[in-house]
Amino acid sequence: MPTFKLNGQEIPFEKGDTIIRAAWRAGIEIPHYCWHPGLSVAANCRMCLVHVKSGRQMMMPILKWNEKKQAFLPDTKPKLVPACQQAAEENLEVDSVGPEVKNAQAAVQELLLLNHPVDCPICDQAGECKLQDYYEEHQATLKRKRTEPVHKPKGVRFGPTIVYDAERCIMCTRCIRVCDELVGDHVLDMRERGNRNEIVLAPGRELDHDYTLMTEHVCPVGALTSRDFRFKARVWFLKSAEGVCTGCATGCNTHVDFDPRYGKVYRLRPRDNADVNRFWMCDQGMMTYREVHERRLVTPVLGRGASAEKLLPEDAPSEAATLLGRVKEKGKLAVVLGAGMSSEDNFVAARFAKLFGTSRLYLAARDADAIGWKGDAILKNADPNPNRAGATQVAGRDLADLDDLLADVLAGQVSSVVALGHFGGEGEGKLDALKKLDVVVCLASNEGPLPSVASLQIPVASWAETFGTFVNAKGMAQTFVRAIPAPDGVHPAWKTLCAIAKELGLSLSYERTGDVRNDMNAAAAAADAQPQASA
């Protein structure tokens, strides 16, 4: 692979790379505002200016202050070029840390801050703002401007999700390019010139497509803010864990931002993955963090309707075992895997079914039409379930759906049910047939159609409270890690199933997620090898 030198270090590059892209790929940051690896080159912020030292040098005439003569005298300096626009070439020598570059970066930074309001204490971007970072790194001098700054509109509602502050905007045009290039909707544009510039909506329009939160996410300063996250948390109190979006079968990689002091998730951000979501997420996916705290099940409930009673968390496994112990025909027990549950949970559920003595496996999944979900050609998969492929994989076969389960219940072939998750069964009264069964044990993290018809609801950990694996529509297995602790007495579904199995005297015992994952991977490897052995 060809290379060029950046500050004396050899940097490999691919055909078509610019200096900044090759440096970014090598883990080296050249200061920038307008450049983004997923967008076209604008080269308008000039923060990424570098000195190309190889080849013929182009010099610019300047006036330089001479201390001895106390006057500005004619001089020259190297012409710097934007690293986001300059193509990488073999044997190129580039300097991004020299005095000429540092002076240019400081000048650019000072220009951007001339009219910028000093409202960092109330700005949501504080703590992750490039203006703050680069000020400390490249300028660090007091503002010299003494006149009144230019005032622009503040708190402008761009749409249902985004608020715009024109005074903070540095006109990097990232938001415009996200709408134009990612979504294909020219809903944002720029008006006026110079220090009167501001971002505006197209006449008669709102910023209301499915990727509006991406316009806020790519903003390097505090000009665009999310109405959902606005004024809710300071980022320096937040920690991040690696997650996988539960919104659909694409399986976008996420940063789960949470406050460890309160065990609360505040937002999701896209985590770069060139093979899955690149740099993006849809609005619906970014808002799935809400299900971690809204409509949660935290207390086991035995019975239905007026006769329902709450249980202590530690009593739930024994109550489930008591109900399942009354099942006379074990082959009529249906075990329902969940398309929203992790592969580990589904694997243990399938093992539980086998040990109990039933082969009736079904899959509960959200119905796209019932919830009004539509896929697109950008990221949103037509399947609104994060782990349909994973559930099918651990089952080792195609699974019947909830319609098939209801038909089998009405036909008398299913007399009891153990179900995972709150996904599936959307629609008024769709699962009413399950209310006729005395034994419907549902392990779920949230309220939903399945828990609502259960004779025993057992709360389990959500995706943010456990370790697990989702398999996306491309067949890629992606792991996620625990961000926050589960509520007191609440455990992952696989661990709860192990506790129920122990009460029933079944040999299903796993101590850690890694134990489940090892068995799951071994079973998958054995299944893959089986056709070869028979051949």
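Throughout, numbering of the chain's residues begins at 1 and tracks the sequence. These numbers come from a predicted model, not from an experiment.
- Qualifying side chain to side chain contact (heavy atoms under 4.5 Å, CB included) partners for Ala23, counting only residues two or more places apart in sequence or in other chains: Leu6, Ile28, Ile30.
- Using a 4.0 Å cut-off between a side-chain N of Lys or Arg and a carboxylate O of Asp or Glu, Glu29 and Lys130 qualify as a salt bridge.
- Ion pairing of Asp408 with Lys332 is absent here, as no side-chain N (NZ or NE/NH1/NH2) approaches a carboxylate O to less than 4.0 Å.
- Between the side chain of Arg177 and the main chain of Cys172, a donor-acceptor pair closer than 3.5 Å is present.
- Counted by atom type alone, Glu344 and Thr466 present zero donor-acceptor pairs between their side chains at under 3.5 Å.
- For the pairing with Asp257, the salt bridge (Lys or Arg N to Asp or Glu O under 4.0 Å) check across Lys239, Arg269, Lys232 returns one residue only, Arg269.
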Residues Asp228, Thr161; criterion side chain to side chain donor-acceptor pair (under 3.5 Å); working and verdict: CA-CA 7 Å; Asp228 176 73; Thr161 60; over 6 Å; no
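- Atom OH in Tyr289 sits 9.0 Å away from atom CZ in Phe229 (nearest 0.5 Å).
- Ser342 and Asn387 are not linked by any side-chain donor-acceptor pair at a separation below 3.5 angstrom, with hydrogens and angles left out of the test.
- Judged by distance alone, the side chains of Asn381 and Asp383 never bring a donor and an acceptor atom under 3.5 Å apart.
- Between the side chain of Tyr362 and the backbone N or O of Asp403 there is no donor-acceptor pair closer than 3.5 Å.
- Here the options are Val471, Asp275, Val276, the test is side chain to side chain contact (heavy atoms under 4.5 Å, CB included), and the partner is Gln478; only Val276 passes.
- Other residues, nucleotides and ligands place no more than 12 heavy atoms under 6.0 Å from the CZ atom of Arg512.
- With respect to Glu216 and Arg267, no salt bridge is recorded, no charged nitrogen being found less than 4.0 Å from a carboxylate O.
- Atoms SG and CH2, from Cys84 and Trp35 in turn, are 9.0 Å apart once rounded to the nearest 0.5 Å.
- Atom CZ of Phe352 and atom CD1 of Ile500 lie 6.0 Å apart (nearest 0.5 Å).
- Salt bridge Asp210/Lys374: absent, no basic N to carboxylate O contact under 4.0 Å.
- Remark: the Glu181 side chain and the Ser40 side chain contain an N/O donor-acceptor pair separated by less than 3.5 Å.
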